[in-house]
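No hydrogens, no waters, no symmetry mates; every other heavy atom, side chains included, goes into these values. Numbering of ligands and ligand atoms starts at 1, following listing order. Sequence positions, counted from 1, serve as the residue numbers for this chain.
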Amino acid sequence: MGEKLTIAVQKSGRLQEDSLRLLKECGISIDNGKDQLKANASNFPLEVLYLRNSDIPQYVQDGVADIAIIGENVVIEKQKELEILQKLGFSKCRLAMALPKDVEYTGLEYFNGKKLATSYPNSLKQFLDANNLDCDIHVISGSVEIAPNIGLADGICDLVSSGSTLFKNGLVEVEEVLVSEACLVANKDISNLKSAILDRLLFRMKSVLAAKNNKYILLNAPNDKIDDIIKVLPGMKSPTVLPLAQEGWSSIHSVINENDFWGVIDQLKINGAEGILIIPIQKMVL
Ligand code: ATP
Ligand code: MG
């Protein structure tokens, strides 16, 4: 049996579904039995360990798992020596400070001497130290957002994505401590054989992620506008221009970043583009 790479993913919880989907999009099939804590990929030298979120950084540091998919915030909070190899674009959130909505917030110095509830004491401490603030940190493991209502704390430091939990509890976000998303992390010294497998996996992940951020675009344009259109559509190397059956018109094909999309569309229309089609890309090999 050849060398295998071991990856830790969340056993249950917010990152699990997207983590497993990403592996699947990388063409990796995992033979999952019910309630198994360990599974093997059938078509890639990968073993999957299903672990508890907060335990994952320790397992990777110890080399029980070589790599893992975990929130950046957990890596920071656990203060482990891990290498962040790739941000993965899901489970985006921020660690933020929040106060009861009737508090008149005057700026960071407001927090001096206050009692703050959090499940992320290390991240909070780093932030307070960096801002020369001295607070009383009260560590609780869950439902942090009710702490101010029951008189346990003046404010909280917690993970926020939509902000609806804060809103429901009469809290308002006042400071951002850090931003986070799921990322691929690795043990600092994995063997050369495992590194080679990891390179193959990373290559696949990058192709999947690039495809998600980009769209294939097709449009028809009058020939005298082709140069102007190409200026707003750089493409991977240079756009493809094909003649249409109709005299004086061409079809232009290119790749466009999701974030530039609406801005570029306006430019295209101004330049007489017609029949614009935007098509998802499944894999983009870079
Ligand atoms: P454990 O399994 O150790 O109890 P957990 O309960 O914290 O961990 P989850 O709630 O499933 O695990 O996932 C928490 C992770 O999800 C966070 O560390 C963060 O990276 C990510 N996340 C994204 N958005 C949010 C959010 N709004 N609130 C909390 N976590 C979020
Ligand atoms: Mg949990």
Side-chain angles (χ1 to χ4, degrees), residues 6-23 30 32 34-39 48-62 64-65 67-101 116-127 137-149 152-153 155-186 205 209 212:
T6 303
I7 185 169
V9 300
Q10 245 194 6
K11 184 171 67 177
S12 61
R14 290 173 192 263
L15 278 76
Q16 200 209 31
E17 196 185 328
D18 286 329
S19 303
L20 295 177
R21 182 182 304 124
L22 176 61
L23 292 177
I30 300 159
N32 269 328
K34 238 192 149 81
D35 302 322
Q36 266 178 208
L37 295 184
K38 212 161 113 167
V48 183
L49 300 182
Y50 298 99
L51 299 174
R52 209 173 145 168
N53 198 46
S54 47
D55 294 337
I56 287 178
Q58 182 75 53
Y59 281 118
V60 178
Q61 179 170 287
D62 293 347
V64 174
I67 58 172
I69 296 177
I70 184 79
E72 268 174 286
N73 62 299
V74 185
V75 180
I76 295 167
E77 178 60 28
K78 298 293 177 185
Q79 303 184 310
K80 301 292 180 221
E81 292 285 305
L82 308 179
E83 201 170 340
I84 295 183
L85 299 176
Q86 178 71 47
K87 297 192 184 199
L88 300 175
F90 58 86
S91 292
K92 291 188 178 178
C93 60
R94 54 196 184 274
L95 187 63
M97 318 270 281
L99 290 168
K101 63 176 186 305
L116 302 176
T118 190
S119 308
Y120 305 92
N122 295 326
S123 310
L124 175 57
K125 185 77 172 55
Q126 268 181 25
F127 177 79
I137 301 180
H138 191 94
V139 183
I140 43 182
S141 58
S143 302
V144 168
E145 62 284 350
I146 63 164
N149 294 325
L152 196 65
I156 67 165
C157 174
D158 202 9
L159 291 174
V160 186
S161 39
S162 69
S164 65
T165 306
L166 292 183
F167 183 79
K168 281 184 213 143
N169 286 280
L171 299 170
V172 174
E173 183 178 341
V174 293
E175 296 288 343
E176 184 177 280
V177 174
L178 57 87
V179 292
S180 174
E181 64 186 80
C183 58
L184 187 74
V185 297
M205 282 189 181
L209 293 169
K212 277 196 212 302

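Close N/O approach between Ser180 and ligand 1 is not found [any backbone or side-chain N/O within under 3.5 Å]. By the 3.5 Å distance cut-off applied to N or O atoms, Asn73 is counted among the residues near ligand 1. Considering both main-chain and side-chain atoms, Ser161 comes within under 3.5 Å of ligand 1 through a nitrogen or oxygen pair. The shortest N or O to N or O distance between Tyr120 and ligand 1 is not below 3.5 Å.
A donor-acceptor pair is defined here as one N or O able to donate and one able to accept, closer than 3.5 Å; no such pair exists between the side chain of Glu83 and the backbone of Ala186. A donor-acceptor pair is defined here as one N or O able to donate and one able to accept, closer than 3.5 Å; such a pair exists between the side chain of Gln61 and the backbone of Glu81.
Residue Gly13 has at least one heavy-atom neighbour below 4.0 Å for each of these atoms of ligand 1: 11 (O). Residue contact check: Cys93 has heavy atoms under 4.0 Å from atoms 19 (C), 22 (N), 23 (C), 24 (N), 25 (C) of ligand 1. In the vicinity of Gln10, heavy-atom distances shorter than 4.0 Å reach the ligand 1 atoms 9 (P), 11 (O), 12 (O), 13 (O). Interface atoms of ligand 1 facing Ser54, defined by a heavy-atom separation under 4.0 Å, are 3 (O). Listed by number with element, the atoms of ligand 1 under 4.0 angstrom from any heavy atom of Gly71 are 20 (O).
Checking Asp62 against Gln58 by side-chain atom types alone, a donor-acceptor pair falls below 3.5 Å.
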